[in-house]
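Every chain is numbered from 1, with letters handed out A, B, ... down the list of sequences.
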There are 2 protein chains.
Amino acid sequence: MAPRQPLTRRRILDAALALAGTEGLDGLSMRKLAKTLGVEAMALYNHVTNKTDILDGIVDRVFTDIDRADPDLPWPDRVRATALSMYRALRRHPVVPLALVTDRANPTSLRALQPMDDLFGAFSEAGLNDDGVRQAFGAVQSLIYGSILLSTTGFIHDAGQAIPREQLAPYSHRLDSDKLPHFSRMLPALSSGDAESDFVRQLDVLIAGLSVLK
Amino acid sequence: MAPRQPLTRRRILDAALALAGTEGLDGLSMRKLAKTLGVEAMALYNHVTNKTDILDGIVDRVFTDIDRADPDLPWPDRVRATALSMYRALRRHPVVPLALVTDRANPTSLRALQPMDDLFGAFSEAGLNDDGVRQAFGAVQSLIYGSILLSTTGFIHDAGQAIPREQLAPYSHRLDSDKLPHFSRMLPALSSGDAESDFVRQLDVLIAGLSVLK
DNA sequence: CGTAAATATATACAGCGTAAATAGGAGTTG
DNA sequence: CAACTCCTATTTACGCTGTATATATTTACG
């Protein structure tokens, strides 16, 4: 029984990130979060301004994990490295992309903007004009967020882990229909494969397309 | 004052889609929805089983708007047509991708799977094996969902419409910093440009990459 | 008409974020 | 030491959420 540590913003964010990891974004409530810290809900408000502040803090924290690519690398490798690092950091904490697209977080910190700046730089070096940079960056960002956010829907999912059979069941019962001829054939391939290596492959396709379309 | 029309599942879904359009996914509550129909909240439960059922119904409804591409088109055009139709339908009702990625809806209807099947077919025809089809489909789907979901975050946004200045303000005040050299230059380009034409361009880049990487 | 079935309402419960008032403990000052 | 202040934690409360349950009302039918 260690003496209870003092409540601090940092401890709150740590606990919030952990709770969001196990309970999901909806499961992250002020009352539950306080309980994991052995405290009442309103005590949190002495250290964070509100729940949005917590989510902003979490986002900021996770974005800090994103590595900056070696600036001497050629631009395709810089894009690959930055995007993959973003993907890995966000995938470790899917609550972050979720909080961002649902407007529950609105980070404006330098840390959250740094990876974007790096991608802007890489695409500029590729010879794209500003519109091209915006489009290329948007494509990469969509790929990152899309693949993470969609990986929890029934549409596509990870390798063998985690209820592959039951989750597919509601889809299977329609597949005898000849209305979806390709779907039934694809079912096994949908549940096989690794999400990250798929992402890497998709990123390569995108980069190849950028190179070829100048 | 027309005589009040009978409450029906269809009317409920219509009203829900409209309410979600104006108030967003979080603003769509059973009580508010009932109020727009001139009825008490619990009356809805005689026609839908719960809120998830409403969201499933909305998703299903919106997916019905997705056009099927001419099967005689070559595969790149079929992908383009299907993906663009998906993009347009979902962009008209962003609550749908939002409900899907937050697991508030779980459609298993044939209508919701049809566009996926069409894309599977197109990519198969391109000569990809099943793993390749899954990856290509995932990339297109990520692009669709990602661009729609991210268009409401501060990171990237539409043309001049809707608070471009105030929304950018929190970002601008950091840009004098030399930590984000490309960001400040990109700011005007970020708020210019049309979301849909960006999407089309990104889709073309992806298709070009697929063609070139076989 | 009377009765059964369908539909609408009223009430209630547990949970949410958080405003406002209160209580407790640590530190400093007289 | 006493008194006062400041910071932190708790308590209570308000309006919101989805929906279970019970009741009331309206409609359909023999």
Closest nucleotide among D:dG18, C:dA8, D:dT11 to the B:V39 side chain: C:dA8
Among the nucleotides C:dT9, D:dT17, C:dA20, whichever has the atom closest to the side chain of B:A43 is C:dT9
Do the rings of A:W75 and A:F123 sit parallel, tilted or perpendicular, given the 30° and 60° boundaries? tilted
Distance-minimising heavy-atom pair for B:P97 and B:I148: CG-CG2, 3.9 Å
Between B:H47 and C:dA8, does any side-chain N or O lie under 4.0 Å from OP1 or OP2? yes
Check every atom of D:dT11, D:dG18, C:dG17 against the side chain of A:S29 and return the nucleotide holding the closest atom. C:dG17
Sub-3.5 Å donor-acceptor pair from the side chain of A:S85 to the main-chain atoms of A:D67, do we have one? yes
Selected nucleotide, minimal atom distance to A:A41 side chain, candidates C:dA10, D:dG18, C:dT18: C:dT18
Donor-acceptor pair under 3.5 Å: do we get one between B:N46's side chain and the base of C:dA8? yes
Close side-chain approach of B:I58 and B:H93, heavy atoms under 4.5 Å: no
Short side-chain to backbone donor-acceptor contact, A:R31 and A:A41, under 3.5 Å: no
Taking Watson-Crick and G-U wobble contacts under 3.5 angstrom, with | marking pairs to another strand and [ ] crossing pairs, the secondary structure of DNA chain D is written ||||||||||||||||||||||||||||||
Consider salt bridge (charged side-chain N to carboxylate O under 4.0 Å, His left out). Of B:R201, B:R88, B:R92, which one does B:E196 pass it with? B:R88
Donor-acceptor pair present, A:R31 side chain and C:dG17 base, under 3.5 Å: yes
